[in-house]
Peer 1: 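If you scroll down you'll find the structure; I have some questions about it.
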Amino acid sequence: MVTITLPDGSKKEFESALSVMDIAKSIGSGLAKATLAGMVNGTLVDTTYIVESDSEVSIVTAKDEAGLKLMRHSAAHVMAEAIAKVYPGTKFAYGPAIADGFYYDVDSPEPISVDDLKKIEKEMKRIVKQNGKFERNELTRAEAEAKYAEDEYKLDNIKSAQGDVISFYSQGNFEDMCLGPHVPSAGKIGSFKLMSVAGAYWHGDATKQQLTRIYGTTFATKEELAEHLNRIEEAKKRDHRAIGKQMGLFEFHPKEAQGMAFWRSNGVILYRELENYLRSVGEENGFEEFMTPQIMNRELWEISGHWQNYADKNYTCEKDGKEYAVKPMNCPGALILYKSELYSHHDLPLRWAEFGHVHRYEGSGEIHGLVRVRGFTQDDAHVFCTPEQLQDEIKGCIKQIFEVYKTTGLEFDHIELSTKPEKSIGAQELWDKAEAALEGALTDLGIDFVLNPGDGAFYGPKIDFHLRDAIGRSWQMGTIQVDFSLPERFDITYVDAESNKQRPVMIHRAISGSLERFIGVLTEHYAGDFPLWLAPEQVRVLSVVDAYNDYACEVVAKLKKKGIRAKADTRNCKIGAKIREGELAKAQFLAIVGSNEVEAGSVSVRRRKVGDQGVMSVEDFAQALAEEIKSKALPPKAE
RNA sequence: GCUGCUGUAGCUCAGUCGGUAGAGCACUUCCUUGGUAAGGAAGAGGUCUCGAGUUCAAAUCUCGACAGCAGCUCCA
């Protein structure tokens, strides 16, 4: 039974929560401001609201995503009210709910710093305690423009709003233009915390004014908020920059090489294993490997367009009056190789792969650990094919990408299909064909994707595969792009069955995107505990005392013979300490050897995150490891 | 590149009111010969990012540069 308190104070009962929705709609918007204060299936749910927006009346609870979104958006309004009080004269641009919380872009007369957040938070708590109702007010476009004539952000928003009626929501002394919906009153907002202050451009446009963006998070209960904050703390420990340094994988020395990684031996192992795996996937799928020069002359980059279009992002140099650029892309190298031979339709498709080291002078604020660097390695490939072959070739690339992410245990956040942008080259007919080929390939393979209209490259549409890092940032990884531009610019052709010259289509594909970025995301995904085949240190053999050091070295030698990465820890310290250090170094297996093991020719095995595996013969141990490595099995689940 | 914050030992961080530096881990040496996450002792280690300024005196206050972090923008 559900009881609804109507605005006039009378109560109305309904049989179930499900039916409330329909009844609410039939009663109309007047009900929208009512609070559902009754019982749902016999349980008191005081965080259940009926809400109204421009488009619908709906029922949400704080347990739903929709309810949380409502709370978060409402919290943004409350924060705005608090800021307006603490910093009079502040103008408010835009304050949506986002994953886990909300933000508000504001233009305040004085800068807001992180230290001010406490002040704002305190004021927010006061507002929430007062429990002011969120009231919906509607103005005509003309009234709205007159009321906010002094506020350039509001005017801008009013201008881009649809319809002639503009809705505003107010609570306390604060009003903001908003489609709604909101929780019924400020007191319904759960536990919140202001997180950080950052800059953000108006309309996301770097040529426009920069506003102050204040981020906050909101959850239904204090406990859930604490849990969320704890999750963030835990996620920070997975940061690949910290783990990279701890595990001796990679590190950064910005003074000497800003935005470029220095790789230590453990990192090189990881890098090479991954590279070899990607190479083998390419080989299995008919790709041949090429290598092209690191530095090529200006004329080449003018033909490709990179000299002009990325003037400030290229590393260039001049020798004896000639100008050069360090390659920012690998495609021109591949095109030169294509052009130096004559290919017929019998030769197509040509599938050419290259682990290409490229350099791009990214802006200082854009660099981020391994995931955004100035020097990186693309597992690049270029497919030259006929328009008829295009879709099958795209499918082949998609399949490789899925295979690699499955093997490495990473899950896509989303897949994007980006179509023709405003500024583009190539005939509409070609674009249509290419977009249809990409979409057809995705659809045929039954893959869900997000359409991103107008976000393709200027030379062709593309499919991007996106992943998230430890703290939820999304990164573009694999990509499949169709290109009409470069075949044209380099004037490459193939000979068709009628002996006519035809223009091939070019596909650019990268599976990992870049080895660096892939390793960065992989490191965070596994918090350094990689699948065994990738783990830099697979086994560490620990001698209980000096007397067994020789045996420990023998075991290491036997393991190495089986292609297993093993090291002996023969230092003079307690076994407990050796175990601790082995665990901290994330050696996947610890093999402990003492008098018992020497006698029996065995090892006492301990697996990271799993625990004691008991005693086994060195041969059995080596065999089991070799099999797991060969199978590229994912690591066992923790605990 | 933009906005904000930060910069102390190899690492993680203390350092009050301005009076020229401290801890833990790591490192070196010695002792210790031990069974599943830290044995003990001693020692060494710093131009407090850099450059100016204020001051009798600056790690500390001010300005600038550089770098890092968060977000924004960008990512062929």
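So that the names make sense, note that chain A is the first sequence line, chain B the second, and so on, each numbered from 1.
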Peer 1: Please state the C1' separation for the pair C63(B) and C25(B) - nearest whole angstrom.
Peer 2: 37 Å
Peer 1: Between the side chains of Glu416(A) and Lys462(A), is the shortest nitrogen-to-carboxylate-oxygen separation below 4.0 Å, so that they form an ion pair?
Peer 2: no
Peer 1: Distance criterion of 3.5 Å, no angle test: do you see the side chain of Tyr201(A) paired donor-to-acceptor with the base of G1(B)?
Peer 2: yes
Peer 1: Mind checking Pro254(A) for me? I need base, sugar-phosphate or nothing, with any heavy atom below 4.0 Å counting as a touch.
Peer 2: sugar-phosphate
Peer 1: Looking for any heavy atom pair under 4.0 Å, which part of the strands does Tyr459(A) touch: base, sugar-phosphate only, or nothing?
Peer 2: sugar-phosphate
Peer 1: So what's A57(B) paired with, Watson-Crick or G-U wobble, going by both distances under 3.5 Å?
Peer 2: none
Peer 1: For atom P, what is the distance between A38(B) and C17(B), given to the nearest Å?
Peer 2: 40 Å
Peer 1: In whole angstrom, give me the gap between the P atoms of U54(B) and U60(B).
Peer 2: 15 Å
Peer 1: For a quick check of understanding: with a heavy-atom distance under 4.0 Å over all strands, which category does Gly582(A) fall into, base, sugar-phosphate or nothing?
Peer 2: nothing
Peer 1: Starting at CZ of Phe490(A) and ending at C1' of A76(B), how long is that distance when rounded to a whole Å?
Peer 2: 13 Å
Peer 1: Write down the distance between CD1 (Ile232(A)) and P (G71(B)), rounded to a whole number of angstrom.
Peer 2: 11 Å
Peer 1: For G1(B), does either OP1 or OP2 sit under 4.0 Å from a side-chain N or O belonging to Ser364(A)?
Peer 2: yes
Peer 1: Let's see if you can work this out: which of C11(B), A37(B), G39(B) has an atom nearest to the side-chain heavy atoms of Lys245(A)?
Peer 2: C11(B)
Peer 1: Categorize Glu597(A) for me: base, sugar-phosphate, or nothing, with a 4.0 angstrom heavy-atom threshold over every strand shown.
Peer 2: base
Peer 1: With the side chain of Ala200(A) defined as its heavy atoms from C-beta on, choose the nearest nucleotide among C72(B), A37(B), A76(B).
Peer 2: C72(B)
Peer 1: Using atom P in both nucleotides, what's the gap between A65(B) and G71(B) to the nearest angstrom?
Peer 2: 24 Å
Peer 1: When you check the phosphate oxygens OP1 and OP2 of A37(B), does a side-chain N or O of Arg606(A) lie under 4.0 Å from one of them?
Peer 2: yes
Peer 1: Nearest whole angstrom, please: distance from the P of C66(B) to the CD of Glu256(A).
Peer 2: 17 Å
Peer 1: Check the distance between A70(B)'s P and Arg213(A)'s CZ and give it to me in whole angstrom.
Peer 2: 16 Å
Peer 1: Please state how far atom CG in Leu117(A) lies from atom C1' in A70(B), giving the value in whole angstrom units.
Peer 2: 13 Å
Peer 1: Name the closest nucleotide to the Glu366(A) side chain, picking from A76(B), G71(B), U73(B).
Peer 2: U73(B)
Peer 1: Using the P atoms only, state how far C48(B) lies from A41(B), rounded to an integer number of Å.
Peer 2: 31 Å
Peer 1: Base, sugar-phosphate, or nothing: which does Gly576(A) touch, judged by heavy atoms less than 4.0 Å apart?
Peer 2: sugar-phosphate
Peer 1: Please give the nucleotide sitting opposite A21(B) as a Watson-Crick or G-U wobble pair, both distances under 3.5 Å, or none.
Peer 2: none
Peer 1: Going by distance alone, is a donor N or O of one side chain under 3.5 Å from an acceptor N or O of the other, for Trp475(A) and Asp413(A)?
Peer 2: no
Peer 1: Are Phe219(A) and Phe192(A) close enough that their ring centers fall under 6.0 Å?
Peer 2: no
Peer 1: Return the nearest nucleotide to the side chain of Asn572(A); candidates are A76(B), U32(B), A37(B).
Peer 2: U32(B)
Peer 1: Can you check whether Pro536(A)'s main-chain N or O pairs, donor with acceptor, with Arg565(A)'s side chain at less than 3.5 Å?
Peer 2: yes
Peer 1: Scan Asp546(A) against the nucleic acid and name what it touches under 4.0 Å (heavy atoms): base, sugar-phosphate only, or nothing.
Peer 2: base
Peer 1: Select one nucleotide: of C74(B), A38(B), C72(B), the one nearest the side-chain heavy atoms of Arg580(A).
Peer 2: A38(B)
Peer 1: Please check if the number of heavy atoms outside Tyr405(A) that lie under 6.0 Å from its OH is greater than 12.
Peer 2: yes
Peer 1: Under 4.0 angstrom, heavy atoms only, what part of the nucleic acid is Gln246(A) near: base, sugar-phosphate, or nothing?
Peer 2: nothing
Peer 1: Consider only side-chain N and O atoms of Gln481(A) and Tyr459(A), and report whether a donor and an acceptor are under 3.5 Å apart.
Peer 2: yes
Peer 1: Below the 4.0 Å mark, does A70(B) have OP1 or OP2 next to a side-chain nitrogen or oxygen of His368(A)?
Peer 2: yes
Peer 1: Which nucleotide in the list C75(B), U73(B), A76(B) gets nearest to the side chain of Arg517(A)?
Peer 2: C75(B)
Peer 1: Taking only side-chain nitrogens and oxygens of Arg241(A), does any of them come within less than 4.0 Å of OP1 or OP2 of A70(B)?
Peer 2: yes
Peer 1: Using the C1' atom as the point on both nucleotides, what is the distance between G39(B) and G35(B), in whole Å?
Peer 2: 15 Å
Peer 1: For the residue pair Tyr87(A) / Asp116(A), report whether a side-chain donor-acceptor contact shorter than 3.5 Å exists.
Peer 2: yes
Peer 1: Can a cation-pi geometry be assigned to Arg213(A) and Tyr103(A), taking NZ or CZ under 6.0 Å from the six-membered ring centre and within 45° of the ring axis?
Peer 2: yes
Peer 1: Checking base pairs now: Watson-Crick or wobble, both atom distances under 3.5 Å. What partners C63(B)?
Peer 2: G51(B)
Peer 1: Which listed nucleotide (A37(B), G39(B), G35(B)) is nearest to the side chain of Ala577(A)?
Peer 2: G39(B)
Peer 1: Distance under 6.0 Å and angle within 45° of the ring axis: does Arg374(A) meet both against Tyr361(A)?
Peer 2: yes
Peer 1: Considering every strand and a 4.0 Å limit on heavy-atom distances, what is the contact class for Tyr215(A): base, sugar-phosphate, or nothing?
Peer 2: sugar-phosphate
Peer 1: For RNA chain B, whose closest nucleotide is more 5', that of Ala198(A) or that of Ser113(A)?
Peer 2: Ser113(A)
Peer 1: Determine which nucleotide pairs with U28(B), using a 3.5 Å limit on both distances of a Watson-Crick or G-U wobble pair.
Peer 2: A42(B)
Peer 1: Hey, does Ile592(A) reach any base, or is it just sugar-phosphate, or nothing, if we go heavy atoms under 4.0 Å?
Peer 2: base
Peer 1: Under 4.0 Å between a side-chain N/O of Gln258(A) and OP1 or OP2 of G68(B), yes or no?
Peer 2: yes
Peer 1: Counting Watson-Crick and G-U wobble pairs only, both distances under 3.5 Å, name the nucleotide matched with U16(B), or none.
Peer 2: none
Peer 1: So for Arg372(A) and C75(B), does any side-chain atom that can act as donor or acceptor lie under 3.5 Å from a complementary atom in the base?
Peer 2: yes
Peer 1: Would you sort out whether Phe449(A) and Phe412(A) count as a ring-ring contact (aromatic ring centres under 6.0 Å, His included), showing the intermediate values?
Peer 2: CA-CA 11 Å; Phe449(A) 61 93; Phe412(A) 297 122; over 10 Å; no
Peer 1: Please report the distance separating the C1' of A26(B) from the corresponding atom of C13(B), rounded so that it comes out in whole Å.
Peer 2: 14 Å
Peer 1: Please state the C1' separation for the pair U47(B) and C27(B) - nearest whole angstrom.
Peer 2: 23 Å
Peer 1: What is the pairing partner of G68(B), taking Watson-Crick or G-U wobble pairs with both distances under 3.5 Å in any strand?
Peer 2: C5(B)
Peer 1: Given that both distances must come in under 3.5 Å, which nucleotide forms a Watson-Crick or G-U wobble pair with G35(B)?
Peer 2: none
Peer 1: Which is true for Arg473(A) with a 4.0 Å heavy-atom rule: it touches a base, it touches only sugar-phosphate, or it touches nothing?
Peer 2: sugar-phosphate
Peer 1: Out of A76(B), G1(B), G35(B), which nucleotide sits closest to the side chain of Asn596(A)?
Peer 2: G35(B)
Peer 1: Separation of Arg571(A) atom CZ from G35(B) atom P, in whole Å?
Peer 2: 17 Å
Peer 1: Looking across every strand, which nucleic acid part, if any, lies under 4.0 Å from Ser595(A) by heavy atom: base, sugar-phosphate, or nothing?
Peer 2: base
Peer 1: Regarding Val544(A), tell me which of base, sugar-phosphate or nothing describes its non-hydrogen contacts under 4.0 Å with the strands shown.
Peer 2: base
